[in-house]
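Structure first, commentary second.
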2 protein chains.
Amino acid sequence: MTTTTGDQALIKRMNTAIVLEAILRAEPLSRAKISEMTGLNKATVSSLVQDLIDNRLVREIGTGVSSGGRKPVLLEFIDTAGYAVGIDLGVNYLRGVLTDLRGAIVAEKKLALATPDPDNTFNVLRPFIQSLIDEAPDGPFGVVGIGVGVPGLVDRGGSVLYAPNMGWRDVPLKEALDRTFGIPVLIDNEANVGALGEQKFGIGRGISNMIYVSVGIGIGTGLILHRSLYKGASGFSGELGHLSVEAHGKPCRCGNRGCWELYASEQALLDRAGELGYPQDLDALLAAAESGDAKLRKLLEEIGEYLGVGISNIVNVFNPNAVIIGNRMSKAQPWLEEAVRRTVEQRALGFHLRNVHLLYAELGDRSAVMGAAELAIAAFFDRLKAA
Amino acid sequence: MTTTTGDQALIKRMNTAIVLEAILRAEPLSRAKISEMTGLNKATVSSLVQDLIDNRLVREIGTGVSSGGRKPVLLEFIDTAGYAVGIDLGVNYLRGVLTDLRGAIVAEKKLALATPDPDNTFNVLRPFIQSLIDEAPDGPFGVVGIGVGVPGLVDRGGSVLYAPNMGWRDVPLKEALDRTFGIPVLIDNEANVGALGEQKFGIGRGISNMIYVSVGIGIGTGLILHRSLYKGASGFSGELGHLSVEAHGKPCRCGNRGCWELYASEQALLDRAGELGYPQDLDALLAAAESGDAKLRKLLEEIGEYLGVGISNIVNVFNPNAVIIGNRMSKAQPWLEEAVRRTVEQRALGFHLRNVHLLYAELGDRSAVMGAAELAIAAFFDRLKAA
DNA sequence: GTTTGTTTGTCTATTCAATAAACAAAGTTG
DNA sequence: CAACTTTGTTTATTGAATAGACAAACAAAC
């Protein structure tokens, strides 16, 4: 069985985490305020804060204004106690950030990727990550981890089981990076890290139940339920792009028929635009729509309707607080918004509509890379709580 | 903020729960074995067990066989320390059980319901519940709660917001029963309690991630994720019956089009059988299929295929360990099974298929009523842990 | 300037749960 | 019977949280 049994060390870890979270949430903060907010005794807070200061996670930044008595000593979290690397591994690009522990970007790089095969990718990725690590200022914890978002199925062990657009199968990405860098490496699906990015740093800040819909060449989804990323039985889930919305529709390479992404993705738009003689380029199409091309606007509206069909399903299934449309198609927001909203309002159950917001990614093409960094940051905090 | 801070009482509650769960899982059990299983010190276990004995939840039942030393004193959970009432409130029937704390049925009743309007239902339901309570033997905790499953949307406050088949809107069911009986009342959707019933007592015992598909007149679903019932933002979710599987299909009264339940429910079967001149009765149809009616078998196969379409979606979205088909249509298992399996294998993603089992409810028409009782039992144990 | 009351943060003594170690009781095995 | 095992209790110790006392620092009223 070996359940985690309770002892005094557990109490201390829990309460330390509570104190740290209070500081993170509302800094700068005095010990007295923390005691008041958390319900912990003043003496307890003092002792735990001292530990945090000794561990270089928190520091005193001088006194605040008095409210009729002794001045409070204000505390703040030391954002720069450590740094995290976030990587967005795309089919033909590599995007990376170095952030501090609060997610502020310290350095950012982008690189074109010639061929996506695993060997070439490794050869480019390794020096790319190293160059980000080299940018990290000194700090007590150094670089605390590397998070990577990948366009494919990732298992719990950090292996990429299947990434069709990159031609990968069973690539032990985490293992390879673990060995090279010797710091914690976290791998997850692109849509999952995108969801995390928007939930932590973007438009979805603090929302408990939200679905991030990554609309690019295909459609991927990241499910945040009860404030944390939902993974299914095998660690991968949320393939809502392959939700069938036309039981007898077009066959999909996944084996199913009428998959949502066949009707509502960037690829669907490009295909249909191609049939009408337009160039196969999203930016060009959006520029044309901008300049008033009615046929194109109509086409975008139809794509929006199909997005709305799938989103209605999502709303009925998950009853989330928000659905966030992200990735490349979020650029088309002005031409999609109205059709999506209208379709969802028509189709989703009334009771579910009450609390749901239809949002568009705020971080743009940074959703994934920021979420990847957050993976590493969250893992660092988890280690603190555990040890 | 008021996070639950850690103190020694919390530890004691946690460890007491661990000890109790160990006994529940593997009784009869000695103190020494519990210590070994849980990692808790022998002295700690002795002390906690004494508390449980004092609280009349556990008792010594004599000595076991020695393995070369002093004989162990075996402990067991006192199932009959308390009792729970479970109610399955149907459109035209009322089903109830009285169970002990382990879910063993002590008494069971069924009743036809003439008219489902709220007033009449209350007038029948109250004495029905009272008669079950009256059956409860004496025990230190008496009847610890009443769980009710309802065919409709239930909010967190236990009000039935909308139950179309019963014609209910905003009926404060929990409040009404609370006042009458003065013991904890838990209300939830029929599919949710069905899921709970199968997960606790039926074919889904111990499965972490499972989806229960209640196929009756409509289709309802109960989502058990990470071992617990998933509720969405507003407390109701899992309306997978209204997942659109034909974006431009038949209009549904919910406002959407092509909803799954229009193609795969008992009603869908009855409608199509009616067109072919069959009687509108499930049992009659199944009897005909049994006696070899080929046209009917073909029809059931088509229903099975549509069930498979929706289940493929479920598998792709949730990557669960199991999908359980329950409620009335589970009786049609022999005629559906093959078509469902074939369709899911064709349509669901290969990686997701690896760990998923397609199962049929084991408790038959008792899934819901047993799950309702479990609601009350689980709430009782939660109270123990909290206080 | 003095007094009064407030606020902050530390210190001290106490409580309580878990634990290791010692121990007694009750058993097996040769 | 002697030697060893197993079970469950007792005892002394550890450590985390807490209440309450306390000193320092301050504002506001007089």
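Residue numbers begin at 1 in each chain, while the letters A, B, ... track the order of the sequences.
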_5' priority, DNA chain D, between A43(A) and G69(A) [closest heavy atom]_ =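 The residue whose closest nucleotide sits nearer the 5' end is A43(A).
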Between the base of [N] and the side chain of [X], is one N or O donor paired with an acceptor at under 3.5 angstrom?
X	N	answer
R70(B)	dT6(D)	no
D7(B)	dA17(D)	no
N41(B)	dA20(C)	yes

*So H226(A) and Y230(B), would you call those rings parallel, tilted or perpendicular, with 30° and 60° as cut-offs?*
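Answer is tilted, since the angle falls between 30° and 60°.
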*asked:* Which label fits F77(A) and F381(A): parallel for a plane angle under 30°, tilted from 30 to 60°, or perpendicular past 60°?
replied: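 Answer is tilted, since the angle falls between 30° and 60°.
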So what does [X] hit on the nucleic acid, given a heavy-atom distance under 4.0 Å: a base, only sugar-phosphate, or nothing?
X	result
S30(A)	sugar-phosphate
K42(B)	base
V73(B)	sugar-phosphate
S66(A)	sugar-phosphate
S67(B)	sugar-phosphate

Among [options], the nucleotide that comes nearest once only the side chain of [X] is considered:
X	options	answer
L48(A)	dT10(C), dT8(C), dA17(D)	dA17(D)
K71(A)	dG27(C), dC26(D), dA17(D)	dC26(D)
S46(B)	dG9(C), dG8(D), dT19(C)	dG8(D)
Q8(A)	dA17(D), dG15(D), dT7(D)	dG15(D)

*Rounded to whole angstrom units, what separation is found between the CG atom of L10(A) and the P atom of dA17(D)?*
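From L10(A) CG to dA17(D) P: 10 Å.
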*Would you check if the side chain of D155(A) reaches a backbone N or O of G158(A) as a donor-acceptor pair within less than 3.5 Å?*
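Flag set: sc D155(A) to bb G158(A) pair under 3.5 Å.
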*Is there a donor-acceptor pair closer than 3.5 Å between any side-chain N or O of R56(B) and the backbone N or O of F141(B)?*
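Not a single qualifying donor-acceptor pair exists.
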*salt bridge (charged side-chain N to carboxylate O under 4.0 Å, His left out) between R31(A) and E60(A), intermediate numbers included*: CA-CA 10 Å; R31(A) 291 169 175 82; E60(A) 300 184 338; 2.7 Å; yes
*Taking OP1 and OP2 of dA18(C), is either one under 4.0 Å from a side-chain nitrogen or oxygen of N15(B)?*
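True: N15(B) side-chain N/O within range (under 4.0 Å) of dA18(C) OP1/OP2.
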